[in-house]
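Numbers restart at 1 for each chain; the letters A, B, ... are given by sequence-line order, proteins then strands. Every heavy atom of this structure was used, including side-chain atoms; hydrogens, water molecules and symmetry mates were not.
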Number of protein chains: 2
Amino acid sequence: MTAPAVSSRDLPHPRREEIRLEAVLHALSDRMRLRIVRELAADGDELSCSHFDLPVTKSTTTHHFRVLREAGVVRQVYRGTAKMNGLRKDDLDDLFPGLLDAVLDAAAHESRRLRDR
Amino acid sequence: MTAPAVSSRDLPHPRREEIRLEAVLHALSDRMRLRIVRELAADGDELSCSHFDLPVTKSTTTHHFRVLREAGVVRQVYRGTAKMNGLRKDDLDDLFPGLLDAVLDAAAHESRRLRDR
DNA sequence: GTCAAACTACGATAGTTCTCGTACAATGGA
DNA sequence: TCCATTGTACGAGAACTATCGTAGTTTGAC
């Protein structure tokens, strides 16, 4: 038990040592999820699910957040009716130094490149 | 046409600018394929498909190499009866600086960590 | 207690993926 | 020419994925 539950509703997260590279890469290999992770990294803080304006339904959004959580990429905590999402940057940086930043850089590179024709 | 065909049998590859981050991450998010890429990176040279002793059948191996090729991760060329595979490190490093090395480092970290209990 | 907001659960569908086995094709040597 | 090596094509099955819609739960405010 690292942190006290913020709500009666707890969500299962992999412990740091249970996070697997393949699962992380898989979680990041989807348009929507990469977009979520980029926004979380850019903001640097916790964001609610509803903050993201994704072109899919709410239930699909729920699905993508669960994939990210189960892979160990984000940490989710209920705060009232909202479910807050935070990047597990500390855990990822410890396990896979430089990986998250490299992926974020790569995503930025690519979107810049595609934008400039 | 960058390089002359080594054989009458040519294989389709994405051009550098057609390589997509999500496809690369997806290609790398599989046990077998990550293993292939790690061996290619460690060897530094071209290796034939048969060089890899993967715990799957030949047709499955063919499948994985095709996924890697179509994502732009490896370049495949026929040389006699052998099909040689080389990492497209130059292209990947140009498009996504540091990404490949970060993934390879992460894989090395993880396998070391799992080996040491 | 009622209500709206936020999110989940479940069932369904269409598409993709990983895997195999069998049969086939191309190459290079004996 | 015949053969061994190497890899492909095709068909198929089981599992997974992304997506949706509908119906439900939890919470906080009124």
Whole angstrom is fine here: how far is it from [atom1] in [X] over to [atom2] in [N]?
| X | N | atom1 | atom2 | value |
| --- | --- | --- | --- | --- |
| M32(B) | dT19(C) | CE | P | 6 Å |
| H63(B) | dT19(C) | NE2 | P | 7 Å |
| L54(A) | dA18(D) | CG | P | 13 Å |
| L11(B) | dT6(D) | CG | C1' | 13 Å |
| D30(A) | dA18(D) | CG | P | 5 Å |
| Y78(A) | dA5(C) | OH | P | 18 Å |
| K58(A) | dA4(C) | NZ | C1' | 11 Å |
| Q76(A) | dA6(C) | CD | C1' | 13 Å |

Exercise for the section: Answer yes or no: is there an ion pair linking R75(B) with E46(B), defined by an N-O contact shorter than 4.0 Å? Expected result: no

Handout entry: Ionic contact status for R35(B) with D30(B), cut-off 4.0 Å
Key = no

Regarding [X], tell me which of base, sugar-phosphate or nothing describes its non-hydrogen contacts under 4.0 Å with the strands shown.
| X | result |
| --- | --- |
| H51(A) | nothing |
| S50(A) | sugar-phosphate |
| T61(B) | nothing |

Counting only side-chain N and O atoms of [X], is one of them less than 4.0 Å from OP1 or OP2 of [N]?
| X | N | answer |
| --- | --- | --- |
| R33(A) | dA18(D) | yes |
| T57(B) | dC20(C) | yes |
| H64(B) | dT19(C) | yes |
| T60(A) | dC20(D) | yes |

Handout entry: Rounded distance [0.5 Å steps], CG in L104(B) versus CG in L87(B)
Key = 7.5 Å

Practice task
Drop me the distance from L34(B)'s CG to L25(A)'s CG, to the nearest 0.5 angstrom.
Solution key: 7.0 Å

Problem - Most 5' of S59(B) and V67(B) on DNA chain C, judged by nearest nucleotide - result: V67(B)

Kindly list each side-chain donor-acceptor pair under 3.5 angstrom involving residues 37-44 of chain B, sequence neighbours excluded, with atom names and distances?
from	atom 1	to	atom 2	distance (Å)
R38(B)	NH2	S111(B)	OG	3.4
D43(B)	OD1	D45(B)	N	3.2

Practice task
State whether the distance check finds a donor on one side and an acceptor on the other, under 3.5 Å, for side chain T81(B) versus base dG28(C).
Solution key: no

